[in-house]
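To start, the structure under review is shown below, and the notes come after it.
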Amino acid sequence: MTIYDELKARGLIAQMTDEEEIKELINNGKATFYIGFDPTADSLHVGHFMALCLMKRLQMAGNKPIALLGGGTGMIGDPSGRSDMRSMMTVETIDHNIACFKKQMERFIDFSDGKALMVNNADWLLKLNYVELLRDVGACFSVNNMLRAECYKQRMEKGLSFLEFNYMIMQSYDFYALYQNYGCNMQFGGDDQWSNMLGGTDLIRRKLGENAYAMTITLLMNSEGKKMGKTQSGAVWLDPEKTSPYEFYQYWRNVGDEDVLKCLRMLTFLPLEQIDEMDKWEGSQLNEAKNILAYELTKLVHGEEEAEKARNAAKALFVGGGDLEHMPTTNLTDEDLTDGTITVPELMLKCGLVPSKKEARRLVEQGGVEMGGEKITDPNTVIPADKLAGEGLMIKKGKKVFHRAILG
RNA sequence: GGAUGAGUUCCCGAGUGGUUAAAGGGGGCAGACUGUAAAUCUGCUGCGCGAGCUACGGUGGUUCGAAUCCACCCUCAUCCA
């Protein structure tokens, strides 16, 4: 199976400029392609992870990836897919985020011996001279066309600043620069990047009279049409400090029935035959598919050891047996106690299980809290220190949030 | 630069001097049912044990009392230049 067919079979391909040419390039390892990552946060998330997987897949097929860090484009902010303006980031934030991205990418993509490159568009974008740039590439862009681009159209009502309007030009310039300096002939990106990417292939054609290609990958949406990889408290991060391997595992363990197979195809490296086999499963059998999905992804992102721990913890908590050692834990000290005791709302707050004590009280009143296997019925219940000693106290919030509090 | 309109709690959006921690919806959380799924039904949804405190773009003011009235400022949209 060719890499192109595989990508297609996994449902990863959304749009592309020239199917035949692209097939030819990537199937024969002739593509030098780039994917851009704007440093909008201090960790990569699931969307980035898909892009990294794609890089890896194409790299394994002999193509050369360039990871482009958006130190320059991050100064502007991509309006694509947003209904409001991004808040501007300071240079310090951008630099810090880039450093974080770098660390995470290196774990995932092999950058040794020039097998892949990592470059920062700050290196060329920041030194551009305004008038020079206008004369150089400004004439190649039609404002009429730009306004027709989906990413701007959506903003015509809410408003679009000139700053953001220029994002497409910056991204197009990136492709143009990479094409000239690194022989980069393809760009990949999320489907929301389509118009920005076309800007680049157009620019290369107009300026150099040459062809470059673009292909987008399907955005990972759940069956309700929402972007996956988001929780009510924000993104599912790849940084274990921001989203623990256990939480990460649980996120995937809890995807909807309709979404499991899609996720397996798009996100894991499991052979397609195996996934097709699982496609026949139905009903509660799908739970096994979810276990596999969660395990595979945790393994990819956090390594086998962490994946095992997360799986064991989940097993212990939901099924019984297994060890409880790796469940989410908060260590308390004597200072957290008052006269050797702590109230239930306070304890839950310290464990980060609730945003406020009020919320904890509400939960208790609604019968959503168990401690040490017993339902708490009175919010004023006081927990003595000895219950928190040793193995600690197991707290259950709702049906599937488990936490352990240990004193000392 | 001119004219008009808007900024409300996580989001959308009602409210236009006290009875408003603020209708309604969405989202979220909890309970029931389940398969750690979906759908459905029920309850909750600013903080505080409480007295109470903090909130309606910002700052001042009028008033016994303001999200609601006044002044100035900021931000955004629409039309005109």
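In the text below, chain A, chain B and the rest are named by the order of the sequence lines, each starting its count at 1.
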What pairs of nitrogen or oxygen atoms, one from the protein and one from nucleotides 2-5 of chain B, lie under 3.5 Å apart?
none

Could you give the distance separating [M] and [N] at their [atom1] atoms, to the nearest angstrom?
N     : M     : atom1 : result
B:G18 : B:A66 : P     : 11 Å
B:G24 : B:G31 : C1'   : 24 Å
B:A77 : B:U8  : P     : 15 Å

Problem - cation_pi(A:Arg311, A:Tyr249) dist<6.0 Å, angle<=45 - result: no
Identify each atom pair where a protein N or O and an N or O of nucleotides 77-81 of chain B are less than 3.5 Å apart, giving names and distance.
none

Exercise for the section: Would you please confirm or rule out a distance under 4.0 Å between OP1 or OP2 of B:A37 and any side-chain N or O of A:Lys400? Expected result: yes
Completion exercise
Its contact letters, B for base, S for sugar-phosphate only and - for none at protein heavy atoms under 4.0 Å, make nucleotides 41-58 of chain B read --BSS-SBS---------
Fill in the blank from the handout: Which of A:Asp202, A:Leu208, A:Leu203 passes side-chain contact (heavy atoms from CB on, under 4.5 Å) with A:Arg205? Answer is A:Asp202
Exercise for the section: Please determine which of A:Leu54, A:Leu44, A:Leu267 meets the side-chain contact (heavy atoms from CB on, under 4.5 Å) test together with A:Phe49. Expected result: A:Leu267
Practice task
Nearest-nucleotide wise, let me know which of A:Lys375 and A:Asn287 is further upstream toward the 5' end of RNA chain B.
Solution key: A:Lys375
Completion exercise
Within residues 250-262 of chain A, the residues having a heavy atom closer than 4.0 Å to RNA chain B are A:Gln250, A:Arg253, A:Asn254, A:Val255, A:Gly256, A:Asp257
Practice task
For RNA chain B, just give me the dot-bracket, please: Watson-Crick or G-U, both distances below 3.5 Å, ( ) intra-strand, [ ] crossing earlier pairs, | paired with another strand, . unpaired.
Solution key: (((((((..(((.....[.....)))((((((.......))))))((....))...(((((..]....)))))))))))).
What side-chain donor-acceptor pairs closer than 3.5 Å can you find for residues 361-373 of chain A, not counting sequence neighbours?
residue, atom, partner, partner atom, Å
A:Arg361, NH1, A:Asn380, OD1, 3.4
A:Arg361, NH2, A:Asn380, OD1, 2.9
A:Arg362, NH2, A:Glu359, OE1, 3.1

